[in-house]
Amino acid sequence: MDATIYLVRGGERRRVMELTSLRSDSIPFPEDMVRGGGTVRLLADFVGTTSDYWSMTFQVRPGVLVWWTLEERISQSSLWVH
């Protein structure tokens with residue numbers, strides 16, 4: 001399914017990309033959202049549904065790489081932070 005991906009820090013939610021099925025993409029996180037470190041989460045808001053999916057909370061700072069894989073069976077999705 002297609003989804004809008006958000007980066008969420010505290011009470012702020014920022015759209016970072018639109019994602020279509022069977023697609024892979026990379027994007028930098030907004031600099032002002034990662035400056036100074038802290039914790040964030042990713043949110044996938046699936047288009048045309050009332051469903052959404054939240055990543056685990058993770059630490060972020062400039063230079064951190066994040067891979068978030070969303071699978072059709074959402075329980076098989078994964079998050080990698082390095």
Side-chain angles (χ1 to χ4, degrees):
M1 290 197 303
D2 297 347
T4 302
I5 307 299
Y6 296 91
L7 181 64
V8 181
R9 182 177 181 165
E12 185 176 359
R13 180 170 90 166
R14 181 94 47 94
R15 183 174 63 199
V16 292
M17 73 181 309
E18 300 289 324
L19 187 62
T20 58
S21 297
L22 302 174
R23 180 175 156 211
S24 176
D25 207 345
S26 64
I27 52 137
F29 286 158
E31 191 174 318
D32 64 316
M33 294 282 283
V34 298
R35 189 180 311 120
T39 59
V40 297
R41 292 178 80 184
L42 292 167
L43 166 64
D45 182 11
F46 296 104
V47 176
T49 72
T50 57
S51 302
D52 55 14
Y53 178 70
W54 288 86
S55 75
M56 297 180 296
T57 301
F58 59 94
Q59 293 285 326
V60 70
R61 64 185 181 285
V64 166
L65 299 175
V66 177
W67 280 264
W68 195 31
T69 304
L70 297 172
E71 300 291 345
E72 183 175 351
R73 184 176 291 163
I74 204 71
S75 64
Q76 294 178 337
S77 297
S78 62
L79 176 71
W80 184 83
V81 181
H82 181 70

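Side chains included, hydrogens not; waters and symmetry mates left out as well; all remaining heavy atoms used. Given the structure is predicted, the values throughout are model-derived calculations rather than measurements.
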Practice prompt. Rounded to the nearest 0.5 Å, what's the gap from CE on M56 to CG on L42? Could you check?
Written response: 10.5 Å
Worksheet item: Of the non-hydrogen atoms in M33 and R9, which two are nearest, and what is the gap between them?
Response: O-NH1, 2.6 Å
Worksheet item: Are F58 and I27 connected, step by step, through hydrophobic side chains (Ile, Leu, Val, Met, Phe, Trp, Tyr) whose heavy atoms are closer than 4.5 Å?
Response: yes
Worksheet entry | Members besides V47 in its Ile/Leu/Val/Met/Phe/Trp/Tyr cluster (side-chain heavy atoms under 4.5 Å) | none
Worksheet item: Does any pair with a residue in residues 40-61 pass salt bridge (Lys or Arg N to Asp or Glu O under 4.0 Å), and if so which ones, sequence neighbours excluded?
Response: none
Fill in: salt bridge (Lys or Arg N to Asp or Glu O under 4.0 Å) pairs, two or more places apart, involving residues 24-33
R14-D32, R23-D25, E31-R35
Worksheet item: Should L65 and V81 be counted in the same cluster of Ile, Leu, Val, Met, Phe, Trp and Tyr side chains packed under 4.5 Å apart?
Response: no
Worksheet item: Could you give all pairs that pass the side-chain hydrogen bond (donor to acceptor under 3.5 Å, both in side chains) test and reach residues 68-79, with sequence neighbours left out?
Response: none
Worksheet, complete the sentence: Students should find that the hydrophobic cluster of W54, defined by side-chain heavy atoms under 4.5 Å apart, otherwise consists of Y6, V8, L43
Discussion item. Using the rule that Ile, Leu, Val, Met, Phe, Trp and Tyr join whenever any side-chain heavy atoms are under 4.5 Å apart, tell me whether Y53 and W67 fall into a single cluster.
Written reply: no
Worksheet item: Between P62 and V34, which heavy-atom pair has the shortest distance, and what is it?
Response: CD-O, 3.6 Å
Response to the item:
Rounded to the nearest 0.5 angstrom, the CG-CG distance for L70 and L19 is 6.5 Å
Worksheet entry | Residues T39, V60; criterion side-chain contact (heavy atoms from CB on, under 4.5 Å); working and verdict | CA-CA 6 Å; T39 59; V60 70; over 6 Å; no
Worksheet item: What closest approach, in Å, do V64 and Q59 show between heavy atoms, and which atom pair accounts for it?
Response: CG1-O, 4.3 Å
Discussion item. So, using side chain to side chain donor-acceptor pair (under 3.5 Å) as the criterion, who are the partners of T4 when residues are at least two apart?
Written reply: E18
